[in-house]
Amino acid sequence: MLNWNNLDTLSAYKELKVKKKTDLKAVMSGESGAERVKTYCVPMAEGLAYNYAAKAVDDDILASLKKLAEEAQLSEKFETLYDGAVVNTGEKRLVLHQLCRGQLGKNVVADGVDKRDFYVEQQKRIAEFANKVHEGKITNAAGEKFTTVVQIGIGGSDLGPRAMYIALENWAGQHGLLKMEARFISNVDPDDASAVLNSIDVAHSLFILVSKSGTTLETLTNEAFVKNALTRAGLDPSKHMIAVTSETSPLAKSDSYLDAFYMDDYIGGRYSSSSAVGGAVLSLAFGPEVFAQFLEGAHAEDVLAAEKDPLKNPDMLDALIGVYERNILGYPATAVLPYSQALSRFPAHLQQLDMESNGKSVNRFGEPVDYPTGPVIFGEPGTNGQHSFYQLLHQGTDIVPLQFVGFKNSQIGNDVDIQGSTSQQKLCANVAAQIVAFACGKEDANNNKNFKGGRPSSIIIGEQLTPKSLGALLAHFENKVMFQGFLWNLNSFDQEGVQLGKVLAKRVLAHDTDGALSEYSRLLDI
């Protein structure tokens, strides 16, 4: 039987609160530090590894974290989730994004259908459609091939798919697999849609409208904006648009679209990159085979996440250390720092994934919690971030735990040697130096140049960013967020805090306002 208890009621948590803290600067210095780098490392899927040598933990703390995982029943709760229990208590829904990329446990039947079969069927339909577009069997009205695909969506319909596309765009180009250029329209600000439309050839563009409900205000507004542009260009919008939606939405089976591909309520927007939401745009951009590799990498990491020993489970271990930093050490934020330009939008996706999932102050039963929950997430790619906010990270009054991501090899095959080292070698040297600098610091009699150190970090390191390793990386963070939600006893799969602004915006547009809302509406001349 599962026990859904608050973090601060668990005996292992109370044990952690009185444990002696690890002196990170001491353990990372000299030979002991070199040994930690070798041993405090857990293999991930697809050649990745999670190295936590520069985290402020030791074997004693890790033992207590293992007890915490067992007492909180993290493995059992994950198993319950992928076997099809109603884990999303707020909306009374199953949580099935892992099922898009493979079967972990029992067959899950909902709405009278096997959900794995349903997701595979949508992937097959998307693959067939994408292949026909690439082969010129589905064309514009003039019989010419589509060369650009544009995704219209917001939130999870934009951030994840956009981050995944940018991550693989250069890799696909290097391997001759860039079938179509992809662009994205998300913001209801008309300057967003206008900028995209002015930069593409609309006559040779295929648009994907993504809205699970079919009623998302920003997305439908942008759809109308795009349709207007197509009509003004003398084009039939219905010959240039497809939809990704639920089978019950008003967008389904509509003559306004060339085709429609389906998702369901069991996949939240921020977890939807593995579904048709990511599948349509990535299959059109790179080919269905590349999207299949992405799913394969994600599933391989999901399999590791089912490992019951937390010290052999990289996703669970990352989650446990993160909760230790948030709740025992009291750190309010986490910086995600990919030393890979291809992952330039990955931190933005993780902001939504993490903060929308675990930015909660009540537990899964709606009761207030008396401890901090999800941290603030931010980040930029290295080395750009080093010349931006690293000053605060090194010498600011707040300690911010760091999550680095790096690869030994770039996505290109023609790096050049400059001053005795390649660009990629310089990049890797920077991330290695930063990890040690944050942990060990540097003493100087001049306080302005003194670095106290003791600033914890981890790194996920791999050989190269490929579709498979990208899938594994995405699944790692999805699973980490899930495990942390279990520890905090939250429902990580609804987002009521997102809804209020939508409701009030509709009231403003309907002129149904009073008080401060009315005054702000007048201020903005709405």
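For the single chain, residues carry numbers from 1 onward in sequence order. Computed from a predicted model, the values in this text were never measured in an experiment.
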Distance (rounded to the nearest 0.5 Å) between H175 NE2 and Q411 CD: 9.0 Å
Expected output: side-chain R183 to main-chain T148 donor-acceptor under 3.5 Å: no
Identified side chain to side chain contact (heavy atoms under 4.5 Å, CB included) partner of I152 from the options V210, L209, L220, V244: L209
Min side-chain heavy-atom separation D354-F477 under 4.5 Å: no
Pairwise side-chain contact, E91 with D265, heavy-atom cut-off 4.5 Å (strictly under): no
pair L104-H299: side-chain heavy atoms closer than 4.5 Å: yes
Geometric class of the F438/F404 ring pair [parallel <30°, tilted 30-60°, perpendicular >60°]: tilted
Within-4.5 Å side-chain heavy-atom neighbours: Y390 and L393: yes
Flag, side chain of E46 to backbone of K468, donor-acceptor distance under 3.5 Å: no
Ring pair (Phe, Tyr, Trp, His ring centres under 6.0 Å) partner of F261, chosen from F129, Y119, F118: F129
Single hit among K360, K92, R93 for side-chain hydrogen bond (donor to acceptor under 3.5 Å, both in side chains) with D494: K360
Mutual orientation of the aromatic rings belonging to F483 and F486 [parallel < 30°, tilted 30-60°, perpendicular > 60°]: perpendicular
Close side-chain approach of E223 and T219, heavy atoms under 4.5 Å: no
T466 vs S469, side chain to side chain donor-acceptor pair (under 3.5 Å): CA-CA, chis, key distance, verdict: CA-CA 5 Å; T466 65; S469 62; 3.2 Å; yes
Pair K480 + D315: basic N to acidic O under 4.0 Å: no
Ring centers of F378, F389 separated by less than 6.0 Å: yes
Side-chain donor/acceptor of K179 to backbone N/O of T147, under 3.5 Å: no
Check: S492 main-chain N/O paired with E356 side-chain donor or acceptor under 3.5 Å: no
Close aromatic pair by centroid cut-off 6.0 Å: F286 and F294: no
Mutual orientation of the aromatic rings belonging to H476 and Y50 [parallel < 30°, tilted 30-60°, perpendicular > 60°]: tilted
Modelled atom types, side-chain donor and acceptor of Q341 and N170, under 3.5 Å: no
